[in-house]
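The model shown is predicted, which means the values in this text are computed figures rather than measured ones. What's counted below: heavy atoms across the whole structure, side chains too, no hydrogens, waters or symmetry copies.
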Amino acid sequence: MNAALSAAALLHMHDVMSGYVERGEVPGLVTLVSRHDETNVDALGTRSIGGAGSQPVTRDTIFRIASMTKPITAVATMILVEESKLHLDEPVDRLLPELARRKVLKRVDGPLDDTVPAKRPITVRDLLTFRLGLGLLLARPSSHPIVKAMYERQVGVTPFPAQMPHPPDEWMRRLGTLPLMYQPGESWLYHTGSDVLGVLIARASDQPLETFFRERIFEPLGMKDTGFSVPVGKLDRFVSCYSFSLQTKKLEVTDPPNGQWSHSPIFASGAGGLVSTVDDYHAFARMMLNKGAFSQKRLVAVSSIEMMTANQLTPEQQQMGRLILGENTSWGFGVSVLTKPDGLATRAGRYGWNGGLGSSWWNDPNEGLTAIIATERTFESADPPNVIKDFWKSAYESIRSET
């Protein structure tokens, strides 16, 4: 019987990933490739650059996973849909009255008071598919008053908890003072839908988002190191976060281990607030690959996973999201979905998402493949850095090479 993964290809992956660490492009990283019953994990580099804190990265090192939080938020939403506490096509007004009776900008770059009434309410499905009419607009605040207003009200897009200084009810109140950029259901706008879902999940379940995640997802899946903060006793396993400085041409610390994630956030971000390990996230990924099942139990129904991982966008909406989604890729519920072969996958159907603070996850159900990488270096654009791209390429080589 052939091995599920190629030993020679995995060795090549190790060499390629080691090169990024040795050149100083990434301080440290962990990769995980899993297929069928075989899993390979490789930990390289250090948790920080220089000094007494530069301990080796290990398999159980904790990383900020940023937007890899979004798929977890989508699963949490589907749990509540299955329990009839939420309904995909019901208006969110019942639990989110702040979003009732929306006004919509006549022009996305127009003044905030130049609006028309929304043609219909925002639904749960709109939040899951990022078609609520608000989100990341790749435009300058100076030319788009709505972008300026989102940041002034502190409800703009950010991967850092300290930049979300208001508790959920106040955050929703502030968001509700703004008009929508587009009509509900009309356009794809990244990110904000998942933060709104986080508030909705808490209100529908009558418990804090962190509690719902822990009790309904993390504990059942054995994700013991995943949460919105890192306890004191685990800070010695938590990495620093680095960004490349154009001024110094060096990696600069964006957030140290004892920084923003060393205490519970004021706003638990369903769009990007979690930390995790590769093994914890692998448990979540396997549940997804098994269409909602784990250890002879079921977290969500097969139909929920199938809806999450199916393309939910029109061709026009997919094109609108191209700068973030990339070529041949669309959006489901909380995950991107490959709609055409892309030079790595030979068939459509791969799904997953990236974390802009340095991580990436994909499942390819056609190949039975899960691939996860966690690093300490933030993305410099929506296009993933080369270390991530080379990891994806190596992961596919590991299932196509001779052992």
Parallel, tilted or perpendicular: which one describes the rings of F130 and W188, with boundaries at 30° and 60°?
tilted

Of K393, K389, R350, the residue whose pairing with D342 passes salt bridge (charged side-chain N to carboxylate O under 4.0 Å, His left out):
R350

Is it true that a side-chain atom of [X] and a backbone atom of [Y] form a donor plus acceptor pair closer than 3.5 Å?
| X | Y | value |
| --- | --- | --- |
| N311 | L313 | yes |
| R64 | D255 | yes |
| T69 | S67 | no |
| D280 | T226 | yes |
| R47 | G28 | no |
| Q317 | T314 | yes |

Checking salt bridge (charged side-chain N to carboxylate O under 4.0 Å, His left out) for the pair E380/R377: CA distance, chi angles, key distance, verdict?
CA-CA 9 Å; E380 284 150 46; R377 179 174 173 172; 2.5 Å; yes

Please check if atom [atom1] in [X] has more than 12 non-hydrogen atoms from other residues, nucleotides or ligands closer than 6.0 Å.
| X | atom1 | result |
| --- | --- | --- |
| L323 | CG | no |
| K234 | NZ | yes |
| R298 | CZ | yes |

Is there a side-chain contact between K250 and F244 (heavy atoms, below 4.5 Å)?
no

Could you go step by step and tell me if K224 and E219 meet the salt bridge (charged side-chain N to carboxylate O under 4.0 Å, His left out) rule?
CA-CA 7 Å; K224 62 185 184 299; E219 288 178 355; over 6 Å; no

Stepwise salt bridge (charged side-chain N to carboxylate O under 4.0 Å, His left out) test for R237 and D225:
CA-CA 10 Å; R237 290 196 280 127; D225 290 323; 3.0 Å; yes

Working for side chain to side chain contact (heavy atoms under 4.5 Å, CB included), residues L95 and L86
CA-CA 9 Å; L95 291 169; L86 294 173; 3.8 Å; yes

Going by ring pair (Phe, Tyr, Trp, His ring centres under 6.0 Å), F228 matches just one of W261, F212, F213. Which one?
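Going through W261, F212, F213 one by one, the ring pair (Phe, Tyr, Trp, His ring centres under 6.0 Å) with F228 is satisfied by F213 alone.
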
Step by step, work out the salt bridge (charged side-chain N to carboxylate O under 4.0 Å, His left out) result for D126 and R120.
CA-CA 11 Å; D126 291 332; R120 66 164 177 81; 2.7 Å; yes

